[in-house]
Amino acid sequence: MLRVPVAAAMAAAAAAVMAAMLQPATASAAARSYAARGGGVAATLSFVETSGIDVKNERLRITAPGMPTYDKPVPASGCFKVCDPGNKPVVQVVDLYGDGQYEVVLDLWTGGADCCGLVQVYVPSAAMHSWVLSSRNVGHYGAALTKLGGREVFVSADNDFYCTFISCAASGLPVQVLSFTGDAFHDVTRSYPALIARDAASWLKLYYRHLGEGEGVLAAWAADEYNLGRAAAATSMLNQQVAARHISRSFVRTLQTFLTKHGYLGAPAGSARLGPASITTTTTTVTTTQTASGGGVTATFSFQGKLPNFTNLRLRIAQSGTVLYDAPVVVSLPGSCFDTCWPGSPQRNHPSVSVVYLEPSGTPQVLLDLYSGGAHCCWIAQVYSYDATTNTYEKSEHNFGDPGYAVKDFLHNGQLAFLSADDSFAYAFTDFAASGMPIQIWSFAGGNFIDVTRLFPALIAKDAAAWWTAYQKAIKYGDDTGLIAAWAADEELLGHKALVDQTLAKEQAAGHLRSPLTGGGAKFVAQLKQFLKAHRYTSG
């Protein structure tokens, strides 16, 4: 995983791109292309590379089962002329949602002397019979598509800090992690505290090397610390540096104003970075109501407040207009919520409540999506099922941990199940950012959540292959135990015990299987085997 500040790592990548672009002019134009495939999807980016740094005729072609061929010029919106190919891999075909449906990701460069990485995501839309494009300018240092905690995310740095407090070259940019859900990019940095803490430590080390001229990197450190919820410690450190005359009081005031404006200061760890509106104190109580219906059932979920303070969560369920359930929302699982659980999605246009069919017959259930709050964890699903004997709804609930869940129709028969990952692997062998979490699939029947992962060997095999690829990339960082642990769990589910034993022995002999936090080698192998047995991946 990352061993230096994200900005520094991204700077090296950006420099490599610019160096390649500034090679001596060639005598003639040359056709170039990048291609990738996965899950039946094939994508090819073609272009003509002319003299100097010019690129023209840039075009993307996508083929996928059941979808018409996409073959169009790459949109140049946000670019100076044409969006140049960026960091390799320029084209990736990846399952961003973890639902078995693959998207196409392009890494592009806007052109110009001092900016910017551009990420384009193409999502297949059966309804529109085409591919839907979303794009994000990720600033000077670009973004790296990385699998963290079982999901694909874009690791980047906050470009708002660039050239803000000091010269551009001396600026520090705190780590930023973006997920892609709901056909849009979302800042989920606070879901990865281990990565933030590592970034903060790197910035602080760099600051002490440049006392008296390190305001830029100290700003990045402070942003990381506020993202971790360490406001008191950050403020104390800034005051100490003012007293030592390494920084000025005016710099601190400017920094705090900037962090407040950009959602770092004033928002607790775990909350989304929504900007100043999310941290402004107000005496007005905001009530939000979300409604879902289906099969004669109408569910109304209401709550008051906004991030990070929610109160009076309440669920009301009616059948054919008759109210059969009306009660406060309470999570009964011990230790699940820090205070009051948050709505999974506070927005009206993306409700936390839905009416779904989780069993093959009967009345549909009401599904309520909740979040624990806090820096790191947890997504909770509550299912309300109709009980004819009592003529009301009974609650069942399950804590899916940090990976959360997605509701999918895996068998294409209308019966839904929960796609997730095993949260028990988080921190088991290394820090969270370097941990792998093997796939889990849960069905719901008779008021119970049932682990049915073994019924989907093709999805397990695909997950195992992804973890093996991630493990091989992580070997060079010396922090690979968490990723091979997830691979081993998947392979044990497939009944490949001999393969797991042989592979672990081979990797140990090669000097791999390392973790800077918990150790590795033979100790790790023994710990992993005991862990897999305790969690019922293997019986031997």
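Here the side chain of S352 pairs a donor or acceptor atom with the backbone of G344 at under 3.5 angstrom. A distance-only check finds a donor-acceptor pair linking the side chain of D480 to the backbone of L513 [under 3.5 Å]. The closest donor-acceptor contact from the side chain of S171 to the backbone of C163 lies under 3.5 Å. At least one donor-acceptor pair under 3.5 Å links the side chain of T146 to the backbone N or O of A144. Proximity of a side-chain donor or acceptor of D463 to a complementary backbone N or O of I439 within less than 3.5 Å is detected. S515 places no side-chain N or O within donor-acceptor distance of the main-chain N or O of T430, the cut-off being under 3.5 Å. Listed for the S33 side chain is no donor-acceptor partner under 3.5 Å among the backbone atoms of L45. Checking side-chain atoms of S302 against main-chain N and O of T288 turns up no donor-acceptor pair under 3.5 Å.
V105 has its side chain within reach of F154: a pair of non-hydrogen atoms, C-beta onward, lies under 4.5 Å apart. The closest side-chain heavy-atom distance from L370 to F301 is below 4.5 Å. Side-chain contact between Y264 and P174 is present, with heavy atoms from C-beta onward closer than 4.5 Å.
Only one option out of D71, V74, T44 pairs with L60 in a side-chain contact (heavy atoms from CB on, under 4.5 Å); it is V74. For the ring-ring contact (aromatic ring centres under 6.0 Å, His included) with F449, the qualifying choice from Y405, W442, F444 is F444, the only one to do so.
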How far apart are the C-alpha atoms of Y537 and F425, what are their side-chain angles, what is the distance that settles it, and do they pass the ring-ring contact (aromatic ring centres under 6.0 Å, His included) test?
CA-CA 12 Å; Y537 283 88; F425 281 72; 5.6 Å; yes
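The CG atom of D490 lies 8.5 Å from the CH2 atom of W467; values are rounded to the nearest 0.5 Å. Put simply, CG on D402 and OG on S420 are 9.5 Å apart, with the number rounded to the nearest 0.5 Å. Taking CG of N399 as the start and OG of S372 as the end, the distance is 7.5 Å to the nearest 0.5 Å. Rounded to the nearest 0.5 angstrom, Q472 CD and H512 NE2 are separated by 9.5 Å. Going from atom CZ of F180 over to atom CG of L96 covers 7.0 Å, rounded to the nearest 0.5 Å. Here the SG atom belonging to C378 is positioned 12.0 Å from the CZ atom belonging to F400, to the nearest 0.5 angstrom.
For the residue pair T189 / N227, no side-chain donor-acceptor distance below 3.5 Å is found, with atom types taken as modelled.
Smallest separation of non-hydrogen atoms from P193 and Y427: CG-OH, 4.1 Å.
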